[in-house]
There are 2 protein chains.
Amino acid sequence: MPSPRRTSLEQILTIGTGLLEEQGPDGLTMQAVAQRAGVRAPSLYKHVDGRDALVRLIAEGVVVDLGRVLEEAADGAGGAGEVLTRAARALRDFARARPQAFLLVFHPGPGGHRPGPEVSARAVAPVLAATAELAGERDALAAARTFTAWARGFIGMELADAFGLGGDVDAAFEYGVRHLVASMGRVAQ
Amino acid sequence: MPSPRRTSLEQILTIGTGLLEEQGPDGLTMQAVAQRAGVRAPSLYKHVDGRDALVRLIAEGVVVDLGRVLEEAADGAGGAGEVLTRAARALRDFARARPQAFLLVFHPGPGGHRPGPEVSARAVAPVLAATAELAGERDALAAARTFTAWARGFIGMELADAFGLGGDVDAAFEYGVRHLVASMGRVAQ
DNA sequence: ACCTGAACACCGTTCAAGT
DNA sequence: ACCTGAACACCGTTCAAGT
């Protein structure tokens, strides 16, 4: 006799995403997920391949959310410089609202749960379009990488509380956006 | 009768640093350290406060090494722009030689093992001096943060294999250095 | 003074047994 | 078809007992 399905992959992902944000990666245990799902840990293996697979699926969901946030930010902008400015701020807002989700995606641990190329390509598409306009097609990729690396690094440092010297962190962020946007396409080879 | 001291904090740190690099953070277990030290895991607690404390001490050692590397890079340089260029390249070389050490220091996990302010301040001192020269005293900190964030982000992405779109990663790195250095002190408020 | 085995409370994961 | 308890191999950590 088939036993009633008491949970689902969808529920497990929702619980896991919430647990990660509330408790951090160490709190994201199979037992904790199972408890919230009203089930025993071994039952989870009927729906997901194990903890690593669960973390990877959570990360993919975060990347999708991030892509949406960046798209929205780009939509409201006038020019390419504004796209980048808004994208950077949106990324920072996202990191503040969901720090653990941000860290999961941008600071992958030893398990190496990074999203597939198609989903991450979609997430950076607006940035790439903007840098193509500002820096030209030939330098678009290098410029996008410069911008992404800066934003990622800055926000990561902020989350890690690595700005130990005090000072105005908001101002440093705006300084960075302004100078990066201004520098594109202006430097001689 | 006192029993012979079969290991020491110094040996434990050396073993831990090596183990981290060889096996990654998951391989850095108290048992693995103890085995290499020729001792049982509980004995480690006579020398170090526990795994978290061990990781923190390892991280501090890495920051000291990093400071030395950055100082050396700065010493050989002619002008402030060259200091930054050399520092960025030195950081990248360090990350390639000791990826796990780099990740430990720049991507602190939930344990939050970041170095004390004095040691990290010393590590960034050459960068700060260079940005003061390029961007002026007033903007020195914001400029240093922009530069550090970019370098950290770029190298972190490279280690995480996050440059999925292909292209020339070395060229993108040099593009970033060149544009960041050039942009300092050139943008209107 | 340091090291040890044994024990405890956790993990993730497997699997035969239940329904 | 899914869920369960029991078991296994690991963790980090504590502590009384050895020398």
Give the residues of residues 13-23 of chain B touching DNA chain D, defined as any heavy atom closer than 4.0 Å, sorted by residue number. none

In chain order, what residues pass the side-chain hydrogen bond (donor to acceptor under 3.5 Å, both in side chains) check against B:R51, with sequence neighbours excluded? none

Considering only nitrogen or oxygen atoms on both sides, find all protein atoms under 3.5 Å from nucleotides 16-18 of chain C and state each distance.
none

Who passes side-chain hydrogen bond (donor to acceptor under 3.5 Å, both in side chains) against B:E158, sequence neighbours left out? B:R92, B:R96

Quick check on A:R40: does its CZ atom have over 12 non-hydrogen neighbours (other residues, nucleotides or ligands) under 6.0 Å away? no

So what does B:T7 hit on the nucleic acid, given a heavy-atom distance under 4.0 Å: a base, only sugar-phosphate, or nothing? sugar-phosphate

Where does DNA chain C pair, written as one dot-bracket string 5' to 3', with Watson-Crick or G-U pairs under 3.5 Å, ( ) inside the strand, [ ] for crossing pairs and | for another strand? ||.|||||...|||||.||

A:D49, CG: over 12 other non-hydrogen atoms inside 6.0 angstrom: no

Nucleic acid contacts - residues 35-45 of chain B versus DNA chain C, non-hydrogen atoms under 4.0 Å: B:V39, B:R40, B:P42, B:S43

OP1 or OP2 of C:dC11 under 4.0 Å from side-chain N/O of A:Q31: yes

Side chain of A:K46 only, heavy atoms from C-beta on: which candidate in D:dC2, C:dG12, C:dC2 is closest? D:dC2

If we only count heavy atoms from C-beta on, is the B:V177 to B:W150 side-chain gap below 4.5 Å? yes

